[in-house]
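As C-alpha cells, the structure follows; a few thoughts come after it.
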Number of protein chains: 2
Amino acid sequence: MVQERGVDDWIRTIRHRDSTLSPEEEADLRGALSVVVEEPADRDVVREHDRQTRSHLLLEGWAGRYITLSDGRRQIVAIHVPGDFVDLHSFPLQIMDHSVVTFTPCRIAHAPHERLREVTVRHPHVARLMWLSTLIDAAVLRQWLVGSGKRSALEQTAHLFCELFVRLELTGRTDGRTFIFPLSQAELADCLGVSAVHANRVLQDLRGTRMLAWRGRRVEIREWDALAALAGFDPVYLNLADLPR
Amino acid sequence: MVQERGVDDWIRTIRHRDSTLSPEEEADLRGALSVVVEEPADRDVVREHDRQTRSHLLLEGWAGRYITLSDGRRQIVAIHVPGDFVDLHSFPLQIMDHSVVTFTPCRIAHAPHERLREVTVRHPHVARLMWLSTLIDAAVLRQWLVGSGKRSALEQTAHLFCELFVRLELTGRTDGRTFIFPLSQAELADCLGVSAVHANRVLQDLRGTRMLAWRGRRVEIREWDALAALAGFDPVYLNLADLPR
DNA sequence: CGCTGCGTTGAGACTACTCAATATCCGTGG
DNA sequence: CCACGGATATTGAGTAGTCTCAACGCAGCG
C-alpha cells in the first residue's frame with residue numbers, strides 16, 4: 001500500500017469528476033499501486049514502441065509525453081503534474097506510440113496492469129472512471145491541437161497557462177495566483193510547436209501585457225480574466241464538477 | 001437489429017485490433033445499435049456542450065469532429081470513415097467539448113448509452129475494447145498534433161493521406177491504390193490548421209512530386225513508399241495486428 | 001575560475017497568411 | 001441543350017508570423 005500525498009491528489013482528482021467513488025473502490029484503487037520509484041529529471045520512463053506491463057502514477061514532479069520524428073524534431077503531446085496517471089492508456093493499448101519523460105525529478109508509483117485488471121473486474125464502475133481519465137487526456141489533447149492549428153502562439157501559450165493553473169489548483173499545487181512552472185523555454189517550445197527563440201519572444205509579449213509575471217520559475221497570473229479571454233479558455237473540456245476561479 | 005455493411009465494417013475493425021471477440025460478444029454489440037438515420041452533408045450531428053444520451057456509429061459517408069473558437073476559426077480534430085464510432089467517448093464523458101459534422105451525406109446508427117452500459121456489464125471484455133477504440137482515436141489525435149506542431153505542411157498532408165489509406169483499406173473502402181477523398185480543400189485546411197489557399201498550394205506540390213494524383217475526388221497513391229517516407233509514416237499508432245501495405 | 005545550460009537579442013530568410021481576382025465544375029431551371 | 005448561379009479551386013501580390021543562425025549575458029557549479 002502506497003501512502004503519500006500524490007496518491008491522495010489522484011483520488012481527489014477522480015472525485016472531482018465523479019463524486020460517487022465508494023470507500024471500497026477507493027481502497028481497491030489504492031491497492032493497485034505497488035512500488036514507488038524516484039527518477040531524476042530528463043529521464044525517459046517509457047519509450048516509444050515499448051510493450052508495457054504497468055502504468056505510472058505521477059506522485060511528485062512534472063513529466064510529459066512526446067513523439068520524436070526521425071530527424072530529431074520532438075513534439076510534446078502532454079504535460080503531467082502530480083496526481084496524474086501518465087500512461088494509463090498503456091493498460092488497454094500495451095504498445096506505446098510515444099515516450100514519457102521526466103521534466104523534473106519525480107516520484108512515480110507503479111500500477112501493474114495485472115492489478116489494474118483485477119480492480120476493473122471487481123469494480124466495473126472504477127473501470128469506467130479509468131476510461132474517463134484517458135478521455136479527459138484526449139480532450140486536453142484536442143485543445144492542444146486547436147492551439148497549434150488555429151490559435152496564435154500568444155493565445156496558445158495563454159491557454160496552456162490557464163489550463164495548468166486549473167489543473168494544479170485541483171490538488172492544491174498553486175499558491176494564491178501563482179505556481180511553479182518548471183519547464184525550460186525549449187521544453188515549452190516543444191509543447192507549443194514553435195522554436196525556442198519564438199517561445200522566448202511570446203513569453204516576453206505575455207509579460208508585456210502584465211497578465212503574467214515571473215519570479216524565477218514561479219509564474220503569477222495577475223489578470224485571470226484577461227488571460228482567459230485572450231486564450232479563449234473554456235474549462236468545460238477538463239470535465240470538472242466544480243470549477244475553481 | 002441493424003443489418004448493413006457499415007456494421008460489419010465496425011466489427012471487422014474491432015477484430016483487427018483484438019481477434020478474441022466471441023460470437024456472443026459480437027451479437028451483443030450489434031444488439032446495442034438501434035435506429036439508423038440518414039443525414040445530409042454539412043449537418044451538425046452533435047454540438048459542443050450538448051449532453052449526450054447516445055453515441056453514433058458511422059455506417060456510410062464521412063464525418064468529422066471540430067472545435068470552434070469564439071471568432072469563428074474552426075479546427076477539425078478528427079475525420080471519421082464508415083465503421084468508425086464517432087463519439088463513443090460521449091458514453092463516459094456525456095458533455096461534449098466539440099461538435100460532430102457530416103462531410104458527406106451519411107448513414108448513422110444510434111447506440112443508446114443505456115444499451116452500451118448493459119453490454120459492458122455483461123461483457124467486461126467488450127468494455128475494454130470500447131476503451132481501446134477511444135484510445136486509438138487519441139493516438140491519431142497525437143499524430144495530428146505532431147503534424148501541426150512539428151511537421152511541415154507538406155509532410156503533414158502526406159501523413160494524413162497515408163493514415164486515411166490504411167484506415168480505409170481495413171474495411172475495403174479503397175480501390176487498388178485509390179480512394180475517394182470527399183472533403184473540400186477548405187475542410188482539409190481546417191484539419192491541417194492552415195489556410196485554404198495554402199492547402200491548395202500544398203496539394204499542388206504533392207501532385208508535383210508524382211506521389212499522389214487526383215481524378216475528381218478520387219486520390220491515387222502512386223508512390224506509397226516515397227509518400228510514407230516523406231510523411232515519416234509509422235502505422236504503429238493505429239494499433240493494427242496485420243498492417244496492409 | 002571557467003565550464004555549461006539557459007535565456008535573450010539581432011538579422012535575414014522563408015513559410016504561411018490575407019485579400020482579391022479569376023477559373024472551373026456542377027446542378028437547376030428555362 | 002444551354003444559361004445561370006453557387007460552390008470550389010486556382011492564381012497573384014503584398015504582409016505578418018515564425019524560422020534559423022549566431023552571438024552574447026548570466027547564473028550555478030565543479
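Labels below follow one simple rule: chain letters A, B, ... track the order of the sequence lines, proteins then strands, and each chain is numbered from 1. Heavy atoms only: backbone and side chains are in, while hydrogens, waters and symmetry mates are out.
- Here the P atom of nucleotide D:dG12 and the CD atom of B:Gln204 are 10 Å apart, to the nearest Å.
- A straight line from CG of A:Leu154 to C1' of D:dT18 spans 14 Å, rounded to a whole angstrom.
- Within the nucleic acid shown, B:Ala196 has no heavy atom closer than 4.0 Å to any nucleic acid atom.
- Rounded to whole Å, the distance from CG on A:Asp42 to P on C:dG5 is 11 Å.
- Here D:dA9 presents its P atom at 13 Å from CG of B:Asp190, a figure rounded to the nearest Å.
- Ring pair A:Trp214/A:Phe161: centre-to-centre distance below 6.0 Å.
- The base of D:dG17 has none of its N or O atoms less than 3.5 Å from a complementary donor or acceptor on the side chain of A:Arg201.
- Nearest nucleotide to the side chain of A:Val197, out of C:dG7, D:dT20, D:dG12: D:dT20.
- Looking at heavy atoms from C-beta onward, A:Val46 lies in side-chain contact with A:His56 at the 4.5 angstrom threshold.
- For the pair B:His198 NE2 and D:dA16 C1', the computed distance is 14 Å after rounding to whole Å.
- We find that CD of A:Glu155 is positioned 13 Å from C1' of D:dG17, with the value rounded to whole Å.
- One can place CD of A:Glu187 at 9 Å from P of C:dG7, the figure rounded to the nearest angstrom.
- The closest side-chain heavy-atom distance from A:Val236 to B:His49 is below 4.5 Å.
- Looking at the side chain of B:Ser195, the nearest of the listed nucleotides C:dT18, D:dC19, D:dT11 is C:dT18.
- Under 4.0 angstrom from either OP1 or OP2 of D:dA27 there lies no side-chain N or O belonging to A:Arg217.
- Screening B:Asp97, B:Asp44, B:Asp137, B:Asp84 against B:Arg65 for a salt bridge (charged side-chain N to carboxylate O under 4.0 Å, His left out) leaves a single residue, B:Asp137.
- Look at A:Asn200 and you'll find a side-chain N or O under 4.0 angstrom from OP1 or OP2 of C:dT8.
- Between A:Leu192 atom CG and D:dC19 atom C1' there is a gap of 15 Å when expressed in whole angstrom units.
- Between A:Arg207 and C:dT8 there is a side-chain polar atom (N or O) within less than 4.0 angstrom of OP1 or OP2.
- Relative to the ring axis of B:Phe181, B:Arg217 does not place its NZ or CZ within 45° and under 6.0 Å from the centre.
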